[in-house]
K.L.:
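Here it is: the structure, laid out below.
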Amino acid sequence: MASVPMHQGLLLAGILFALGLTGLLVRRNVVFILMSLEIMLNAAGLAFVVAGSRWGQPDGQIVFIFILTMAAAEVSVGLALVLQIYRRFKTLDVDAASEMRG
Amino acid sequence: MDAVFYIAAIVAIVSTVLAITRLNAVHALLYLIVSLLSVAVVFYVMGAPFVAALEVIVYAGAIMVLFVFVVMMLNLGKAATEMERQWQKPGMWAGPSILAAILIGEVAYLLSNPSTLAFGAAVVEPKLVAIQLFGPYLIGVELASMLLLGALVGAYHLGRRTQGKTEK
Amino acid sequence: MFHLVWLIPAFPIASFLVLAIFGTRLSKKAVPLFGVGSIALSAVVSILIMFRFLTSPPPGNHYTQILWTWVDVGGFKPQIAFYLDALSVLMTLVVTCVGFLIHLYSAEFMQEDEGYSRFFAYMNLFVASMCTLLLGNNLLLLFLGWEGVGLCSYLLIGFWYRDPANGLAARKAFIVTRVGDTAMTMGLFLLFDKLGTLQIQDLMHQALLHWAVGSPYAVAAALLLLGGAVGKSAQLPLQTWLPDAMAGPTPTSALIHAATMVTAGVYLIARTHILFSLAPSAQFAVAVVGAATLILAGFSALTQPDIKRILAYSTISQIGYMFLALGVGAWSAALFHFMTHAFFKALLFLGAGVIIESLHHEHNIFKMGGLRKELPLAFWTFLAAGCSLAGLPLITAGFYSKGLIIWDTWSSAQGSHVLWFAAVIGVLLTSLYTFRLIFVVFFGEVKTPVHKRPGLRMMVPCVILAVLSVVGGFLDTPPFLGGVHSFTDFMHLALPVMTEGPAGGMTEILSESFVTLAFLVGLYLAYFFYVQKREYAEKLTAPAIGKALHQFWLSDWGMDWLYERVFVRPIIWIARVDKQDFVDNIYSGMALLTEFCYRGVRKTETGRIRWYAAGIAAGSIIFVAIVLFL
Amino acid sequence: MLPLLIVTAAAVVVMLAISIKRSHLLAVWLTLVGLAAAFFSLWIVAPLTPIQVTPLLIVDGYALFYMGLILAATFVTVILAYGYLENQSGYREELYVLILVAALGSVVLVASSHFVSFFLGLEVLSVALYAMSAYLCARKPPLEAGLKYLVLAAASAAFLLFGMALVYAQLGTMQFGQIAAMLSGGACYSKALLLPGIALIITGIGFKLAVVPFHMWTPDVYEGAPAPVTAFIATVSKGAMVALLLRYFYETGMQHLGSVFLVFSIIAIASMIAGNLLALFQNNVKRILAYSSIAHLGYVLVAFLAGGTRAAEAVTFYLVAYFITTLGAFGVVSVLSNGERDADVLDDYRGLFWRRPVLAGIFTLMLLSLAGIPLTAGFVGKFFLVAAGASSALWGLIFTLIVTSVIGLFYYLRILVALYAPPAETGEAAPAGGLPALSRGGSYVLAALSVLLVWVGVYPAPILDAVQRAVSTLRLF
């Protein structure tokens with residue numbers, strides 16, 4: 001039913017991935033950083049679904065499910081950490097969490 | 001159907017751009033949800049209805065709600081937006097944007113390869129996915145459960161408000 | 001039985017570990033239990049092995065115990081393996097037995113010292129290293145033991161580390177022997193490079209196959225090994241560290257700097273005797289070094305006032321005899337002298353320790369006197385050892401071993417009359433300085449009162465060693481005195497028989513008579529100057545020339561002075577002049593560059609997550625670009 | 001499969017035990033028993049190997065060897081953690097659940113033969129590690145470490161996944177064996193997607209291995225995380241990743257692709273140089289060890305690039321030595337740490353010899369081994385690395401290895417000098433009897449590790465045999 005070449009799907013994934021990466025590199029707010037990570041993971045999942053669709057296999061979708069699980073796990077730990085950090089550092093600025101260096 | 005794909009793709013890209021540039025966290029989250037929904041549409045177009053549904057339910061539903069929840073808890077209001085405005089100087093976008101541009105360029109380059117890769121294009125039914133998932137990938141499912149267990153314990157430990165100072 | 005050989009180093013090593021880790025927590029009683037007990041066990045094992053070796057020798061008269069291969073990479077596969085033959089069995093036996101006696105002695109001698117357990121830990125490590133040196137079947141293991149004993153020697157000389165002078169002496173010993181070790185390492189590399197193995201027996205076999213007599217490689221390798229031996233055995237020109245090494249506790253001097261470690265050089269040359277026989281010029285160098293050392297050290301010993309330094313020079317001189325014997329190919333004679341020397345020299349040091357202890361740590365012999373009546377047992381044992389050292393004819397071990405060397409020096413095909421003459425002069429000197437020491441210390445009037453008498457644990461080893469110093473010689477006697485050859489026969493299981501040369505008008509009995517004569521002359525001179533006419537001795541040093549000579553000998557022929565001028569000062573001078581050196585700039589430049597790079601790369605560790613993520617992203621993108629476009 | 005099941009069961013049991021009754025000791029014992037049982041089950045499983053368990057996992061001799069290594073290292077970590085946490089306030093028991101989960105992830109990694117098990121194993125390990133690094137969340141450094149680790153690990157996981165997706169898009173399979181078959185099958189596969197995919201996978205692997213340029217998190221996380229957790233990150237997570245790297249690349253033969261080889265060479269050289277340079281004037285012992293671990297992984301890559309059985313043996317042996325040494329070094333840091341902060345500043349070690357001679361001796365041993373001084377395990381390991389590199393004539397890499405090792409000596413000696421420096425004559429010089437007792441378990445473990453270190457250094461044959469047998473089951477491309 002679809003006749004979109006795989007290129008287009010992968011290109012979309014790539015663009016989303018790059019956008020997520022940009023967000024990760026630019027934003028200072030921890031919540032935004034976590035969101036950017038979600039975008040990147042979602043893009044990777046999209047790439048898998050595209051690839052699986054190319055081969056007509058369910059494997060790509062299965063990997064997507066696992067990525068979904070993993071994203072959920074990351075986010076839950078990440079957000080718990082954000083709460084803790086907000087309590088200790090009184091800010092959400094990641095650059096505040098750079099006491100260790102050198 | 002092609003048109004649906006392209007529209008969904010453009011919506012996804014635009015809403016993602018907006019998501020990462022918004023200053024207000026809740027606005028950003030809403031854009032992100034839009035982005036995820038359009039990706040779900042893309043999934044559907046590519047013959048993966050099952051994950052399209054999952055994308056909507058789990059990603060756009062559960063995970064984003066978790067975000068909203070935390071944002072609410074932290075009570076990021078106007079002050080935070082103001083703070084974001086100070087943090088976000090236009091110059092900061094330059095470097096990362098270049099990196100991202102190179103990355104997109106690379107993706108585009110490698111996809112411009114003449115060996116055309118067409119979709120197999122058959123719809124992969126949820127039933128098939130399920131059979132595979134609980135067949136060869138059974139161990140994967142179990143591992144995913146351990147992954148969630150680890151996350152659960154970790155989040156529980158880290159999220160605890162008072163570190164048991166009374167202990168011992 | 002032979003497979004127990006690994007226990008010989010294993011016992012002391014185990015005890016070392018126990019003492020090193022739990023030493024401070026062990027009671028004063030438990031420390032010697034480990035320290036002495038482990039050596040006793042080693043001694044028992046080596047006695048058993050010796051016994052077995054005599055009663056039912058292994059096939060081919062040697063036995064190899066391969067414990068394991070250390071690493072095996074591209075032909076380089078040093079093994080942890082022990083090799084038993086007459087040579088290593090004998091030396092191990094002497095080292096463990098004499099070592100045991102000295103440990104027993106130390107148990108009392110060091111009792112009051114705060115570093116009691118530390119002392120035994122070092123001593124045990126030393127015995128373990130020494131046994132590894134002796135038993136190792138390849139040069140790498142031998143070198144490990146070699147460095148191990150060097151390390152222990154360093155630690156023990158500087159044992160009382162709070163006195164900076166001791167630390168200096170330790171450092172001197174370490175650095176001077178290191179000069180020799182460097183030569184030896186080069187020798188090892190040369191051998192491995194040319195012959196492709198480090199296993200000693202293989203190596204000797206390969207050398208015989210590939211190298212003709214006098215081949216330059218053989219000479220070079222032999223000379224480099226000789227360099228190592230000279231350093232370790234304190235022979236000319238690297239002897240200067242040994243007298244200073246007397247800064248260590250007296251049992252250390254007895255064990256390391258008299259009986260065992262300093263003979264490692266002798267062992268090394270005997271072990272690689274095939275190499276030396278392929279390099280006659282190197283072997284001749286051994287003989288010359290030995291002869292020159294024994295004379296020079298004899299003169300130096302004459303003038304020393306410090307009892308331990310006298311003994312130190314005497315040790316240098318006696319090892320000179322061993323080198324002389326090795327140099328003329330009298331392999332078994334060298335080993336015979338090694339054994340008797342281990343007995344009487346260890347005893348002399350132990351006796352000296354008794355004297356020093358009982359006189360409030362007095363080292364100067366001219367402040368001693370009349371101890372014959374005060375410390376009778378010490379006197380008699382010391383006398384026995386002294387006579388053995390000087391070579392009192394017929395009854396002492398020293399007479400037989402030294403006489404054998406001197407006769408072999410004449411009769412060997414590689415010997416020469418000049419060397420023989422030097423050796424006889426050496427006897428005279430030995431006799432003179434030995435009896436000078438005995439007369440001054442034990443006769444005359446009492447100068448310092450005795451405040452403490454040694455206990456049983458100190459005197460028993462002395463008595464046993466005294467007996468050995470006397471009867472040890474009867475293992476091998478000249479034909480006119482019974483003609484026993486048991487020692488020589490035993491050594492010939494491992495070492496070749498000496499090739500006899502033309503006797504040239506000399507007979508063994510005549511040679512022995514000369515030795516006797518030299519001994520008597522020395523004895524008489526000592527008696528004359530130090531008992532009858534004390535004032536003459538002082539008069540001798542009164543005139544300018546006498547004084548200068550005295551000073552010259554006292555300072556070890558000005559060796560230290562010479563080295564100071566020839567090596568140390570010029571090097572310091574060059575170093576100072578060279579501060580702005582061009583080459584130096586390269587090194588300091590490299591250091592600066594490194595530091596600069598450090599500052600540079602350190603800047604990358606900003607602590608910022610976003611920067612780190614950028615690093616990951618950039619790296620990833622660059623790598624993608626590389627695989628895409630390259 | 002049995003070891004995996006036991007570890008999983010142990011994690012669940014410990015969690016249930018915690019929910020019923022909180023007891024530190026009980027949790028530790030349950031964890032240790034679980035790990036020991038899993039360890040010994042390796043022998044039960046051994047006769048059945050090699051066995052492919054679904055497409056995801058392959059349990060062969062190689063996997064079993066690394067499982068043993070990981071379980072043993074985890075065992076040591078748990079004992080260290082017990083002594084360490086006894087001094088801490090707050091809940092302690094959850095850490096053991098996390099450790100078990102992380103161990104499970106590592107064990108899956110070494111047995112993985114499929115992208116899915118690769119990535120799931122990695123994530124199980126990572127998610128547990130985030131929480132472990134930030135475990136002492138009452139202090140700031142652990143939180144910072146946890147956040148850094150989480151963000152960067154998740155980002156690199158995204159790279160890894162994207163790379164996997166590209167490889168999958170190209171080849172249509174995610175199983176290593178089939179990838180190998182396809183690669184050897186024909187040149188008709190255009191490498192357009194494959195190569196960038198591999199490059200992105202290298203990013204993911206490189207992050208876990210902490211090699212340049214994916215290394216920058218290492219010192220911060222090492223410094224911030226509690227010392228036993230650092231020991232775990234430095235050994236188990238890296239070891240599992242190296243095992244996977246060897247299997248994945250050797251079985252598919254990907255490292256022979258010219259540009260991939262180039263990428264790894266760059267990584268190796270940069271890691272050796274940067275790791276050693278960064279450690280030079282560092283004053284924090286944990287950071288020094290972090291930088292030195294970067295360099296050590298660079299050394300490992302040298303042998304990895306050499307390829308072949310010999311190289312796999314060298315790498316595996318080196319890892320054994322590295323595990324012993326690193327656990328020992330962090331063990332010392334761990335037993336010296338108190339309830340307020342970790343003993344990680346160089347000044348904490350100044351004159352340690354005069355206060356705790358045995359501990360200083362052990363630390364000395366570990367440092368000498370890291371520096372590769374003969375008669376320690378580290379020397380033999382490095383010897384094999386160089387030999388493997390030399391057999392493939394990788395002279396440039398070997399040259400870098402040797403030069404940077406010399407630079408490395410400098411900072412190891414700096415710590416040694418501090419250890420033996422005369423005790424500071426400050427006012428607080430009254431430690432007579434005032435020294436807190438060291439944790440007993442920790443001391444025993446350290447003693448055992450030092451014995452092992454010298455034993456492997458002097459008598460490497462048994463370990464080498466085991467390594468050779470393990471590696472022989474690896475199906476080389």
Side-chain angles (χ1 to χ4, degrees), chain A residues 1-12 14-23 25-29 31-32 34-36 38-39 42 46 49-50 52-59 61-62 64-66 68-77 79-84 86 92-93, chain B residues 1-2 5 9 12-13 16-17 19-20 25 28 32 36 39 42-43 45-48 50-51 54 58-59 62-63 66-67 70-71 73-74 84 87 92-93 96-97 99-100 103-104 107-108 111 116-124 128-129 132-133 137 140 144 147-148 151 154-155 158-159:
Chain A
M1 76 191 223
S3 58
V4 186
M6 186 181 73
H7 292 152
Q8 263 63 350
L10 280 184
L11 188 61
L12 175 64
I15 292 172
L16 290 181
F17 190 86
L19 286 174
L21 183 63
T22 318
L25 299 183
V26 170
R27 303 306 299 246
R28 285 173 71 172
N29 188 320
V31 175
F32 279 92
L34 288 181
M35 276 164 59
S36 305
E38 290 308 307
I39 297 172
N42 189 45
L46 173 61
V49 173
V50 171
S53 160
R54 174 195 176 184
W55 299 102
Q57 293 170 345
D59 303 55
Q61 299 189 35
I62 288 170
F64 179 81
I65 295 171
F66 288 135
L68 204 64
T69 320
M70 167 214 166
E74 299 260 355
V75 163
S76 57
V77 178
L79 288 176
L81 209 52
V82 167
L83 290 178
Q84 240 354 301
Y86 192 65
L92 285 176
D93 182 7
Chain B
M1 279 315 245
D2 278 11
F5 172 83
I13 293 170
T16 308
V17 169
I20 60 171
L32 189 51
L36 294 174
V39 170
V42 171
F43 284 161
V45 171
M46 286 191 303
F50 182 54
V51 295
L54 279 184
V58 181
Y59 234 127
I63 297 181
L66 202 61
F67 264 103
V70 169
V71 170
M73 245 173 98
L74 296 176
E84 288 286 333
W87 286 349
M92 293 183 65
W93 290 90
S97 303
L99 274 183
L103 186 58
I104 294 172
V107 174
L111 292 174
T116 312
L117 313 152
F119 274 111
V123 176
V124 181
L128 188 57
V129 175
Q132 284 284 307
L133 188 60
Y137 289 100
L147 177 64
L148 289 174
L158 293 176

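Every value quoted in this text rests on a predicted model; they were computed, and no experiment measured them. By convention in this document, chain letters (A, B, ...) are assigned in the order of the sequence lines, proteins followed by strands, and residues within each chain are numbered from 1.
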K.L.:
With a 4.5 angstrom heavy-atom cut-off, is it the side chain or the backbone of L46(A) that approaches chain B, or both, or neither?
P.N.:
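Both parts, backbone and side chain.
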
K.L.:
Are side-chain heavy atoms of V26(A) and I20(B) found at a separation under 4.5 Å?
P.N.:
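No, too far: nothing below the 4.5 Å cut-off.
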
K.L.:
Of the backbone (N, CA, C, O) and the side chain (C-beta and beyond), which part of E38(A) lies under 4.5 Å from a heavy atom of chain B, both, or neither?
P.N.:
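The answer is both parts of E38(A).
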
K.L.:
Which bit of L32(B) comes within less than 4.5 Å of chain A, counting heavy atoms only: side chain, backbone, both or neither?
P.N.:
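L32(B) touches chain A through side-chain heavy atoms alone.
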
K.L.:
Which of the residues A155(B), S97(B), A62(B), A19(B) is involved in the greatest number of heavy-atom pairs with chain A at under 4.5 angstrom?
P.N.:
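Counting heavy-atom pairs under 4.5 Å, the top option is A155(B).
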
K.L.:
Less than 4.5 Å apart, side chain to side chain, heavy atoms only: is that true for L99(B) and T22(A)?
P.N.:
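No. Closest side-chain heavy atoms not under 4.5 Å.
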
K.L.:
Based on non-hydrogen pairs under 4.5 Å, which of G154(B), A144(B), A12(B), A48(B) is most in contact with chain A?
P.N.:
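Ranked by heavy-atom pairs under 4.5 Å with chain A, first place is A48(B).
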
K.L.:
Parallel, tilted or perpendicular: which one describes the rings of F64(A) and Y59(B), with boundaries at 30° and 60°?
P.N.:
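It falls in the tilted class, 30° to 60°.
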
K.L.:
Are V129(B) and I65(A) close enough that some pair of their side-chain heavy atoms sits under 4.5 Å apart?
P.N.:
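Result yes, sub-4.5 Å side-chain heavy-atom pair found.
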
K.L.:
Can you tell me which portion of I39(A) sits under 4.5 Å from chain B's heavy atoms? Options are side chain, backbone, both or neither.
P.N.:
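Contact with chain B involves the side chain of I39(A) alone.
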
K.L.:
Let me know if L12(A) has heavy atoms under 4.5 Å from chain B in its side chain, its backbone, both or neither.
P.N.:
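It is the side chain, since no backbone atom gets that close.
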
K.L.:
Where do L158(B) and Q84(A) come nearest, in terms of heavy atoms and distance?
P.N.:
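Heavy atoms only, the tightest pair is O-NE2, 2.5 Å.
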
